[in-house]
Amino acid sequence: MHPSKREEIHRKAGAHSSFHVIDFELHLEPIMQSAAGVVSMGGYNTFCEILSFDKRAIIVPRTLAREEQLIRTCRAADLGLINMLLLEECDDAGLLAAALHRLPMRPKPSDANYDLSLGGLRAVSDLVCSYLLRRQKPKHVGDSGLFISDMAESYGKVQAPLLEIAA
């Protein structure tokens with residue numbers, strides 16, 4: 001963003017006590033957790049944090065150079081998870097003001113009629129464990145009647161509880 005445009009945004013937001021503009025923040029989680037709503041670009045990490053903190057959001061996706069933000073934001077808007085504005089729509093002060101005014105009343109992402117799973121780490125972990133257990137010949141682990149593969153045992157020490165399968 002051009003520095004003069006950034007300065008203009010800061011100046012306009014400064015006139016409203018309820019607005020706080022953050023250009024960049026390394027530890028965004030505490031700020032996002034306390035926010036009533038979020039206006040953001042559609043980067044992957046910020047998008048995931050909006051969903052994980054269940055925040056009402058307006059996302060203005062980047063559309064030049066790459067379209068991944070636009071694709072993600074359009075789909076999320078279609079699912080009712082967020083509201084979307086295109087950058088050119090933000091030049092319309094009335095449209096932007098109306099979107100900001102509606103933001104506190106919009107449903108949270110968890111209210112959308114969509115089964116959204118944020119358990120990706122656990123799901124990937126389970127898939128890897130399942131794969132490792134199928135790929136390795138199980139070995140007996142004592143009189144308990146439980147089996148575990150060598151690779152899954154190593155994985156379990158680092159990433160997950162002991163991975164056991166019934167005999």
Side-chain angles (χ1 to χ4, degrees), residues 1-132 155-161 163:
M1 178 181 294
H2 192 274
S4 64
K5 185 70 171 175
R6 178 176 282 122
E7 186 178 303
E8 178 186 355
I9 291 170
H10 278 273
R11 184 178 45 76
K12 288 180 177 181
H16 302 277
S17 62
S18 60
F19 288 177
H20 184 73
V21 176
I22 301 168
D23 291 317
F24 178 80
E25 173 59 46
L26 187 59
H27 303 287
L28 190 60
E29 297 86 359
I31 295 168
M32 192 172 289
Q33 190 169 11
S34 64
V38 176
V39 179
S40 175
M41 294 180 71
Y44 179 78
N45 290 338
T46 304
F47 177 76
C48 289
E49 288 173 356
I50 287 168
L51 296 181
S52 67
F53 283 110
D54 200 25
K55 292 299 174 179
R56 296 169 174 94
I58 299 170
I59 296 182
V60 183
R62 175 183 291 126
T63 57
L64 299 175
R66 295 184 309 256
E67 291 189 352
E68 58 97 6
Q69 288 187 9
L70 179 62
I71 293 167
R72 179 176 30 258
T73 306
C74 284
R75 183 65 178 135
D78 288 346
L79 294 172
L81 301 172
I82 53 95
N83 287 348
M84 180 181 83
L85 285 177
L86 297 174
L87 187 58
E88 55 271 18
E89 293 175 315
C90 294
D91 289 335
D92 181 334
L95 182 63
L96 182 56
L100 290 169
H101 180 73
R102 288 189 308 267
L103 182 59
M105 282 79 72
R106 89 162 314 284
K108 291 181 176 184
S110 62
D111 295 331
N113 192 17
Y114 179 74
D115 184 25
L116 181 66
S117 171
L118 295 176
L121 180 59
R122 183 67 188 162
V124 169
S125 185
D126 290 348
L127 286 170
V128 168
C129 289
S130 174
Y131 174 77
L132 291 175
Y155 176 79
K157 289 177 184 174
V158 176
Q159 294 289 329
L163 304 171

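Everything numeric here is computed off the predicted structure, so don't read it as measured data. The basis for the numbers below is simple: all heavy atoms, side chains too, and nothing from hydrogens, waters or symmetry mates.
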Participant: Check whether any side-chain N or O of R56 sits under 3.5 Å from a backbone N or O of R106 as a donor-acceptor pair, and report yes or no.
Facilitator: yes
Participant: Under 3.5 Å, which donor-acceptor pairs do the side chains of residues 86-100 form with other protein atoms, sequence neighbours left out?
Facilitator:
| from | atom 1 | to | atom 2 | distance (Å) |
| --- | --- | --- | --- | --- |
| E89 | OE1 | L86 | N | 2.6 |
| D92 | OD1 | G94 | N | 3.1 |
| D92 | OD1 | L95 | N | 3.1 |

Participant: If you look at every heavy atom in G80 and A112, which pair is closest and at what distance?
Facilitator: O-CB, 3.8 Å
Participant: side-chain contact (heavy atoms from CB on, under 4.5 Å) between H10 and D23: does it pass, once the steps are laid out?
Facilitator: CA-CA 9 Å; H10 278 273; D23 291 317; 2.9 Å; yes
Participant: Determine whether M84 and P61 make a side-chain contact, defined as any pair of heavy atoms from C-beta on separated by less than 4.5 Å.
Facilitator: yes
Participant: Using 0.5 Å steps for rounding, measure from the CZ atom of R102 to the CG atom of N83.
Facilitator: 7.0 Å
Participant: Looking at M105 and H101, what are the two nearest heavy atoms and their distance?
Facilitator: CE-O, 3.0 Å
Participant: Any chance you could measure I71, atom CD1, to R66, atom CZ, to the nearest 0.5 Å?
Facilitator: 11.5 Å
Participant: Does a salt bridge link K12 with E8, judged by any charged N lying under 4.0 Å from a carboxylate O?
Facilitator: yes
Participant: Which heavy atom of T63 sits nearest a heavy atom of E67, and at what distance?
Facilitator: O-CG, 4.3 Å
Participant: Decide if atom CD of E68 counts as having more than 12 heavy atoms of other residues, nucleotides or ligands within a radius under 6.0 Å.
Facilitator: yes
Participant: Taking distance alone, no hydrogens or angles, what donor-acceptor pairs closer than 3.5 Å link side-chain atoms of residues 29-49 to residues at least two apart or in another chain?
Facilitator:
| from | atom 1 | to | atom 2 | distance (Å) |
| --- | --- | --- | --- | --- |
| S34 | OG | P30 | O | 3.4 |
| S34 | OG | I31 | O | 3.1 |

Participant: What's the separation between atom CD1 in I82 and atom SG in C74, rounded to the nearest 0.5 Å?
Facilitator: 8.5 Å
Participant: Within the distance-only criterion (no hydrogens, no angle test), does the side chain of D54 pair as donor or acceptor with the backbone N or O of S110 below 3.5 angstrom?
Facilitator: yes
